Engineer: 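Before we start, here is the structure in question, set down as structure tokens.
What you are looking at is a predicted structure, and each value in this text was computed from that prediction instead of being measured. Every heavy atom of this structure was used, including side-chain atoms; hydrogens, water molecules and symmetry mates were not.
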Amino acid sequence: MAAPLGLTMGEPAGIGGDIALKAWMERGAASVPPFVLLDDPDRIAALAGRLGLDVPLAVVDEGELDGVGDRFADRLPVLAVPLPAPVTYGKPDPANGPEVIAAIDRAVALARRGHLSGVVTNPIQKSALYACGFRWPGHTEYLAHLAGLPDDGTVMLLEGGGLRVVLATIHVAVKDVAQYLTSDAILHVARVTHAALKSDFGIDHPRLAVAALNPHAGENGAMGREEIDVIAPAVARLRADGIDAAGPFPADTLFHAGARARYDAVVCMYHDQGLIPLKTLDFDTGVNITLGLPFVRTSPDHGTALSLAGTGQANASSLIAALNAASRIAARRQQSMPHE
């Protein structure tokens, strides 16, 4: 049986625990793949009681991960990461920040050793982590660091509603996007995406659309020269490398149904250019997938939703989609490995 997925706790005061419990409850109806939750078992047991969910736990150690799949139907496996401070739902406590990070570190280490088939991360509250010394803009950059890559060495792909988008710049203020946007950044994102669409998504001949930065793709330089000086040269180099890339296309005409049929992913120039159409198409089941890592990583495409934590109102659909996406990608990678 394949190794289970590892699901990190995320922010303890957020909805990570709520949706982890709900995902296990939906394990049959939604065909949720086996996972082990890296979290505080006492917190999870108390939360299940608070939510009125009948979720028996099986606290496991690292040597028992191979048997998680056999017991997953009857119990939620938990790899214990005890929290030092009590959890008040909706109120993050930086005192628990080191354990939030430790859960990520442990899951990645286990995945890299083959004990987990992939890592699925619950949302973190970055302000609480910054207070205990966390210096990365987000999960994506931190995972790149754990893999020995530069902060911009990976690619964030968002998938949902029949749309895939990747971002040439990620956690950058809109006023600074043009400063950080380079041909090399676009080339890196497009090349990693092209390779991942083949290896992780089973698309033999990926088609990439490249968005413009400015309205009307800059109107031949009248509304900005980024399309002429930065984006178009990158597209030309991609095509010279044999990658099916086209653009830059005005972003306001790139996401309707007819346009989406012409590509497999869009290279977007900044965060909201890609996430607004994706979340409009599929707010509940969007998935964040990190490309370019030596291990599988996905995440629900939403935040900690502090106001919903501990209320039972959080929707687990995006987490379930992230678990299923990680399982599919892990299976494809396993199938593509050479067999002795």
Engineer: Find out if a path of hydrophobic residues (ILVMFWY) with successive side-chain heavy-atom gaps under 4.5 Å connects Val60 to Leu5.
Structural biologist: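 Linked within one cluster.
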Engineer: Between Glu62 and Arg113, is the closest basic N to carboxylate O distance under 4.0 Å?
Structural biologist: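 Yes, charged N to carboxylate O under 4.0 Å.
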Engineer: Got a sec: does the CG of Asn220 have more than 12 other heavy atoms crowding it under 6.0 Å?
Structural biologist: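 Atom CG in Asn220 is not packed in, count stays at 12 or less.
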Engineer: Taking all heavy atoms of Phe295 and all of Arg112, pick out the closest pair and write down the distance.
Structural biologist: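 Answer, listing the atom of Phe295 first, then Arg112: CD2-CG, 3.9 Å.
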Engineer: If the threshold is 4.0 Å, N to carboxylate O, is there a salt bridge linking Asp184 and Arg191?
Structural biologist: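 Salt bridge flag = no for Arg191 with Asp184.
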Engineer: Side-chain heavy atoms under 4.5 Å apart, restricted to Ile/Leu/Val/Met/Phe/Trp/Tyr: what other residues fall into the cluster of Ile276, or is it alone?
Structural biologist: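 Once heavy-atom contacts under 4.5 Å are chained together, Ile276 still belongs with nothing else.
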Engineer: Against Ile329, only a single residue in Leu291, Asn324, Val296 fulfils side chain to side chain contact (heavy atoms under 4.5 Å, CB included); can you say which?
Structural biologist: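 Going through the options one by one, the only one that passes is Val296.
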Engineer: Using a cut-off of 6.0 Å, state whether more than 12 heavy atoms not belonging to His256 lie near its atom NE2.
Structural biologist: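 It does: His256 NE2 has more than 12 such atoms within range.
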Engineer: So Met269 and Ile231, do their side chains get closer than 4.5 Å, heavy atoms only?
Structural biologist: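 Sidechains of Met269 and Ile231: in contact.
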Engineer: Is the ring pair His171/His271 parallel, tilted or perpendicular, if the boundaries are 30 and 60 degrees?
Structural biologist: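 Tilted.
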Engineer: Taking the side chain as C-beta and beyond, is there a heavy-atom pair between Asp244 and Pro206 under 4.5 Å?
Structural biologist: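 No. Closest side-chain heavy atoms not under 4.5 Å.
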Engineer: Might you point out which heavy atoms bring Ala245 and Arg239 nearest each other, and give the distance in Å?
Structural biologist: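 Where Ala245 meets Arg239 most closely, the heavy atoms are O-NH1, 2.7 Å.
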Engineer: Establish, from distance only, whether the side-chain atoms of Thr304 and Glu11 form a donor-acceptor pair under 3.5 Å.
Structural biologist: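 No, no side-chain donor-acceptor pair sits under 3.5 Å.
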Engineer: Can you confirm whether the side chains of Ser317 and Asn315 place a donor and an acceptor under 3.5 Å from each other?
Structural biologist: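 Yes, side-chain donor-acceptor contact under 3.5 Å.
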Engineer: Is the closest side-chain heavy-atom distance between Arg225 and Val230 below 4.5 Å?
Structural biologist: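 No. Closest side-chain heavy atoms not under 4.5 Å.
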Engineer: Would you sort out whether Val266 and Phe249 count as a side-chain contact (heavy atoms from CB on, under 4.5 Å), showing the intermediate values?
Structural biologist: CA-CA 10 Å; Val266 183; Phe249 298 115; over 6 Å; no
Engineer: Calculate, to the nearest 0.5 Å, the distance between atoms NZ and CD1 belonging to Lys126 and Ile124 respectively.
Structural biologist: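 Answer rounded to 0.5 Å: 6.5 Å.
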Engineer: If you look at every heavy atom in Tyr130 and Pro137, which pair is closest and at what distance?
Structural biologist: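 Of all heavy-atom pairs spanning Tyr130 and Pro137, the closest is OH-O, 3.4 Å.
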Engineer: Report the relative orientation of the aromatic rings in Phe72 and Phe35; use parallel for angles under 30°, tilted for 30 to 60°, perpendicular for over 60°.
Structural biologist: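 Aromatic pair Phe72/Phe35 classed perpendicular.
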Engineer: Check this for me: Lys198, atom NZ, are more than 12 non-hydrogen atoms of other residues, nucleotides or ligands nearer than 6.0 Å?
Structural biologist: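 At most 12 heavy atoms, drawn from other residues, nucleotides or ligands, come within 6.0 Å of this atom.
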Engineer: Under the side-chain hydrogen bond (donor to acceptor under 3.5 Å, both in side chains) criterion, do Tyr270 and Asp176 qualify, and how do the steps go?
Structural biologist: CA-CA 10 Å; Tyr270 59 95; Asp176 297 328; over 6 Å; no
Engineer: Quick check: His145 with Tyr142 (ring centres under 6.0 Å apart)?
Structural biologist: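 Aromatic pair counts; centres sit under 6.0 Å.
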Engineer: Hey, is the main chain of Asp301 close enough, under 3.5 Å, to the side chain of Asn288 for a donor-acceptor pair?
Structural biologist: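 Judged by distance alone, no pair lies under 3.5 Å.
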Engineer: Among Asp18, Ile19, Ile15, whose side chain to side chain contact (heavy atoms under 4.5 Å, CB included) with Asn122 holds?
Structural biologist: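 Result for side chain to side chain contact (heavy atoms under 4.5 Å, CB included) with Asn122: Ile19.
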